[in-house]
Q: 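Handing you this structure, nothing more for now.
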Amino acid sequence: MSNSNKELRVSKIRDGTVIDHVSAGQALNVLAILGIDGSGGEGVSIGMNVPSDRLGNKDIVKVEGRELSQSEVDVLSVIAPEATINIVRDYEVVEKKRVERPDVVAGILSCPNRNCITTADEPVDTRFEVLSDGLRCAYCGTIVREDEVGSHLQVS
Ligand code: CTP
Ligand code: ZN
């Protein structure tokens, strides 16, 4: 019997989205990217540092009653490149897809450079080019490393 059958740490959901194989430690940033803070009333379950055959440890996020847009999925890829998005309807996984890295991320991250035009009084929407290990501000060239993404989310 596999490990997941012996011990189910987070209950199954009826309808919604399971974001599985999230890099360990990134679950709260996943919620921040999705704009979920609990005030919307949706059911949310989180597993952190759960043992995974593939990743050693992983996080898992289950959101009830909600399916994700493609742009949300694209942005998740920056902090959780191994994530699997499972759409669940009536308890069954009806669709499973891997995240894909987009070329550009718009409006989700803030630029850490205080002199960047995107942080001025009349802000311009941020725009970052996606690199293999981080993102580069399209306006000032400042690099946000992958492990820094969580602390530069506009929504957090
Ligand atoms: N899941 C859930 N609620 C359901 C169905 C599935 O929370 N009603 C969760 C499972 O617990 C699992 C994920 O969604 O974490 C994917 O389910 P499934 O495809 O059945 O599992 P695996 O085959 O183990 O997935 P993978 O091959 O992607 O690792
Ligand atoms: Zn900038």
Side-chain angles (χ1 to χ4, degrees), residues 1-28 30-31 34 36 42-68 72-73 75-100 102-131 133-146 148-156:
M1 198 189 263
S2 77
N3 205 27
S4 57
N5 289 337
K6 276 188 233 150
E7 190 181 7
L8 186 63
R9 297 197 189 201
V10 186
S11 315
K12 300 231 164 198
I13 61 172
R14 189 168 82 176
D15 293 293
T17 304
V18 175
I19 306 152
D20 197 2
H21 306 116
V22 171
S23 316
Q26 293 291 356
L28 295 180
V30 166
L31 290 178
L34 300 180
I36 293 173
E42 59 278 81
V44 178
S45 317
I46 301 174
M48 287 187 186
N49 299 312
V50 175
S52 157
D53 294 343
R54 220 178 338 129
L55 301 178
N57 278 310
K58 67 175 182 182
D59 285 2
I60 183 164
V61 176
K62 304 187 181 190
V63 185
E64 286 177 66
R66 165 129 177 227
E67 297 185 8
L68 310 185
E72 288 174 320
V73 171
V75 176
L76 289 182
S77 72
V78 174
I79 59 161
E82 303 293 326
T84 320
I85 311 293
N86 299 276
I87 311 281
V88 176
R89 293 190 194 133
D90 201 17
Y91 290 105
E92 297 294 322
V93 174
V94 295
E95 193 184 333
K96 182 188 292 281
K97 59 186 174 188
R98 292 288 299 270
V99 299
E100 279 175 48
D103 296 331
V104 168
V105 169
I108 301 278
L109 298 171
S110 54
C111 182
N113 171 10
R114 283 186 295 125
N115 297 318
C116 180
I117 188 171
T118 61
T119 56
D121 283 348
E122 288 182 53
V124 175
D125 273 353
T126 63
R127 195 176 160 83
F128 288 83
E129 295 152 31
V130 178
L131 314 174
D133 55 354
L135 301 107
R136 178 168 51 217
C137 176
Y139 294 97
C140 73
T142 297
I143 304 275
V144 177
R145 290 198 325 266
E146 196 169 305
E148 298 170 333
V149 166
S151 48
H152 296 297
L153 289 172
Q154 284 181 339
V155 285
S156 64

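We count residues from 1, following the sequence as given. As the structure lists them, so they are numbered: ligands from 1, and atoms in each ligand from 1.
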Q: Using heavy-atom distances, let me know which of E64, K96, K58 sits nearest atom 26 (P) of ligand 1.
A: K96
Q: Answer yes or no: is there a donor N or O on one side and an acceptor on the other, between the side chain of S77 and the main chain of E100, under 3.5 Å?
A: yes
Q: Show which atoms of ligand 1 fall inside a sub-4.0 Å distance from at least one heavy-atom site of V18.
A: 1 (N), 2 (C), 7 (O), 9 (C), 13 (C), 14 (O)
Q: Using modelled atom types and a 3.5 Å cut-off, is there a donor and acceptor pairing between side-chain atoms of D59 and backbone atoms of A24?
A: no
Q: Need the ligand 1 atom indices (1-based, order shown) with element for anything under 4.0 Å from a heavy-atom of D20.
A: 12 (C), 13 (C), 15 (O)
Q: Which of the listed options, R89, R54, R14, K62, holds the heavy atom that is closest to atom 7 (O) of ligand 1?
A: K62
Q: Examine distances only and state if a side-chain atom of K62 and a backbone atom of I13 form a donor-acceptor pair shorter than 3.5 Å.
A: no
Q: N/O to N/O below 3.5 Å, does that happen between V88 and ligand 1?
A: no
Q: Using modelled atom types only, decide if a donor and an acceptor are shared between the side chain of T17 and the backbone of V63 within a distance under 3.5 Å.
A: no
Q: How large, to 10°, is the angle at the Zn ion (ligand 2) when you draw lines to SG on C111 and to SG on C137?
A: 120°
Q: Keeping S23 on the side-chain end and I79 on the backbone end, is there a donor-acceptor pair under 3.5 Å?
A: yes
Q: Counting from 1, what ligand 1 atoms have a heavy atom of H21 closer than 4.0 Å?
A: 26 (P), 28 (O), 29 (O)
Q: Tell me which part of I60 gets within contact of ligand 1: side chain, backbone, both or neither, using heavy atoms under 4.0 Å.
A: side chain
Q: Near N86, which atoms of ligand 1 are under 4.0 Å from a heavy atom of that residue?
A: 13 (C), 16 (C)
Q: Find all atoms of ligand 1 within a distance of less than 4.0 Å from any non-hydrogen atom belonging to V93, and give their numbers and elements.
A: 5 (C), 6 (C), 17 (O), 19 (O)
Q: Any nitrogen or oxygen of Y91 lying under 3.5 Å from a nitrogen or oxygen in ligand 1? Just yes or no.
A: yes
